[in-house]
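Here the structure comes first, spelled out in structure tokens, and everything after it is commentary.
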Amino acid sequence: MIAEVIVDVAAYPIDRPFDYLVPEALESVIEPGTRVKVPFGPRKVLGYVTMLKDESELALGKIKPIDELIDLDPVISSELLELSRWLAVETLSYEIDALQVMLPAAMRAKYEKFIIVEEPERIEDADFKAFLAGRKRIQLKEVDSAELMKMLKKYVSEGIVTVDTAVGQQTAVKKVRMIRMADEVTLQTLLDSSHSNAKKQAELLRWMLEYAGKTISAKQLMEQSGIQPAVLKTVIERGAAFEELAEVYREPDAPQLKDTAIPEILTDEQQIALDHIATSEDNQKAETFLLHGVTGSGKTEVYLRAIKRVLDKGKEAIVLVPEISLTPQMTSRFKERFGSLVAVMHSALSAGEKYDEWRKIKRGEVKVVIGARSAIFAPFENIGIIILDEEHESTYKQDDTPRYHARDVAIKRAEYYNCPVILGSATPSLESYARASKGVYTMLTLTKRPKDQALPTVTVVDMREELKTGNRSMFSLPLAEAVRIRLEKREQIVLFLNKRGFSSFVLCRDCGTVVECPNCDISLTYHRAHEQLKCHYCGHEERVPLVCPECKSEHIRFFGTGTQKAQEEIAKLFPTARVLRMDVDTTRQKGSHERLLRQFSEGQADILLGTQMIAKGLDFPNITLVGVLAADTTLHLADFRAAEKTFQLMTQVSGRAGRHELPGEVFIQTYSPEHYAIELAKAQHYEPFYTMEMAARRQYGYPPFYFVTLVQFTHEDLLKVADFAEKGARYLKQNLSAGTVVIGPTASAISRVNNRYRYQCLIKYKKEPKLTETLQQLIKYYRTDWIKSGLIMTVDVEPASIY
DNA sequence: AGCACGCCGACT
DNA sequence: GTCGGCGTGCTC
């Protein structure tokens, strides 16, 4: 028997299956999807069995046998194996990367080298003998001196010592020591025969008698009996109990098994949506739905009901949410409804905890997984529904290899299982909305909020006018007044500051110099906490300069409107207001996110001030005012999705106000009130925005009218990168169809990051049968040749952004 | 990728 | 003479 193996080596010429001989002893256990340890050249590596066959094209002498089978059961099902092949092709990535991304990081390969002493009697050097100290198997990393290394090499060449590689995974299954007590008769006999001095032993034996034949963890036993480990050890040696190891799960938080919450009554629209999904599911159709519901229209309740039906039929459900909204508020709703059948996969879990959640899914102990992007690869084998909440979020696209989009993977998996996919959003991506309009997806619409609460009233404030009247603060007069009223009425306020591309920077008022990163072409961001300037692209940090680095002027100060600055200004304008600030700085600590939200929900603060992370999922009854301090910041990004992102953000933030009994009000401050993304966000109607934006996309040839692929080149040398980008562009232009447009090469919007210059080409196409083939060839040139001169080239099919 | 092999310069 | 520099080539 021959096994085709994808080996754990991410390199261009290795990106294909290698044939290995299956030892007879493994023939009955080995399966596609299991991991193996195989010899590869002079070393040992981990690999994934992708196929078993009877014959190989290769001469028998060239085929090496598999060293070791790592898994008894496949870790990758045949469905996921097939999916990984598809993923590798679609995203132009290595098959090994496509396989690895499906498993928790804990299962990545770990290699440990050991030196094995074969003939200890032939070791002569005293130093080496001393180092060995009689041991036969020692970790190679213990050899730390050059002298020992030299001797080791000599012994290896003489065959006296060999080097062996142990192949395993990063994090092991957690095991605890369990103690199984002997039967009553044995214990009694031992007790009777105990030495009269051994009081503690007798005490333990008497304790054990009460639990004869039972099993308990060693830790618990010692806690409950109050006995020292040494006593336990002796008693075990005398045969009073047996030790065994039991697999356990790491428990991230105490399992909360609340009673099933009473579901809300559905609105007519919700019921219609649910019926559609149910019918499709009953008919085993792989149908994709776009659930377009205004903020607060109860999309989650539709999800929960649809999942309930699926579970009742014995099938499983995957729910994807953006990491940022994977809050306790969100997950507890699922846990309340489905109890311990839910696994939560979020980034705050440790590698071991994620691994354990994965194992629960794999073993079928849970039926619902709720998680961020990578949860789309949950190892279920009978999926009944896949849901992507906030489907327009760019976090569903992975920005390093394999550069997949969770939406595409969801649709692919749903095709396999013939089950529905629900894409939910108040502000769908243009791509999805266009597909739904064309009938590729099925459109489901929720226009009303369940208790018929009115949408908040939105006021756009022209900050240029404010400036003219001499108001130079971050707060326009109307917003300041609205805040004051809420503070008086003791209602809560959310203030949103979109930091992206508009954070505080340091500027010299005499010569206009902005302090920039020495490695990147981007201004440094001011951080008050440590009086430091930081680069958000390469991590560079420096002290805030006292004088201008250019003109030596002392008139250098920070500008812009970071959340810290905003907080100071609030303190000045509204000295009585209690403010909670929520941004990357205040939520770095584990659990601080939840803590801040809890404080706010308990009314411990009047104002919640924050960035992106407060735009979603917040649902507190007392919020009646939302203020957007600067709406323009995403508007002027060098990206074709800038308007779309701004519109989505404005709509999402506005949706935080007036979700319950009290009516809501929203103020959007901007320097470009006439921009259609702002104007239409004010109207809070998606369709007019969609129409406008589609016209713009059509005019400039962007998605959804064209597909886009981004090829980016970076190099330390500006001339070289321009040269290679030119070469690449020429190749693409020559080899792609006439209808395809290749833009560039052009310098990227951030033209230098980490001392590497960046150039890019944009490929725009409606239908390009030669795309994959051409890109593969381009990658081949790069991998086999260009890479040697220090170039890095990346290909991103349908990128989330293009700067 | 990572490891061995191989062919030329500065050391005991 | 040998140690070691990193160019080249291969991995079932």
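Every chain is numbered from 1, with letters handed out A, B, ... down the list of sequences.
When rounded to the nearest whole Å, the span between CZ of A:F18 and P of C:dT11 equals 8 Å. A:D8 places its CG atom 14 Å from the C1' atom of C:dT11, with the value rounded to the nearest Å. Taking atom CZ on A:R16 and atom P on C:dC10, their separation rounds to 12 Å, with Å as the unit. Rounded to whole Å, the distance from NZ on A:K153 to P on C:dC3 is 11 Å. Atom CD1 of A:I63 is separated from atom C1' of C:dC12 by 7 Å (rounded to the nearest Å). Atom NZ in A:K64 sits about 14 Å away from atom P in C:dC10, given to the nearest Å. Rounded to whole angstrom, the span from the NZ atom of A:K154 across to the P atom of C:dC3 amounts to 12 Å. Summarising the geometry, the separation between NZ on A:K788 and P on C:dC6 is reported as 18 Å, rounded to the nearest angstrom.
Taking the ring axis of A:Y12 as reference, the NZ or CZ atom of A:K780 does not stay both within 45° of it and closer than 6.0 Å to the ring centre. A cation-pi contact, defined as under 6.0 Å to the ring centre and within 45° of the axis, is absent between A:R373 and A:Y396. Both tests pass for A:R359 against the ring of A:Y355: distance under 6.0 Å to the centre and angle within 45° of the axis.
Residues A:D8 and A:Q100 have side chains that bring a donor and an acceptor to within less than 3.5 angstrom of each other.
In A:F18, the CZ atom is crowded: over 12 heavy atoms of neighbouring residues, nucleotides or ligands sit closer than 6.0 Å.
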What one-letter contact string describes nucleotides 1-12 of chain B from 5' to 3', where B marks a base within less than 4.0 Å of any protein heavy atom, S marks contact via sugar-phosphate atoms alone, and - marks no contact? BSSS--------
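At the phosphate of C:dT11, OP1 or OP2 sits under 4.0 Å from a side-chain N or O atom of A:K62.
Partners of A:E542 under the salt bridge (charged side-chain N to carboxylate O under 4.0 Å, His left out) rule, at least two apart in sequence or in another chain, do not exist in this structure.
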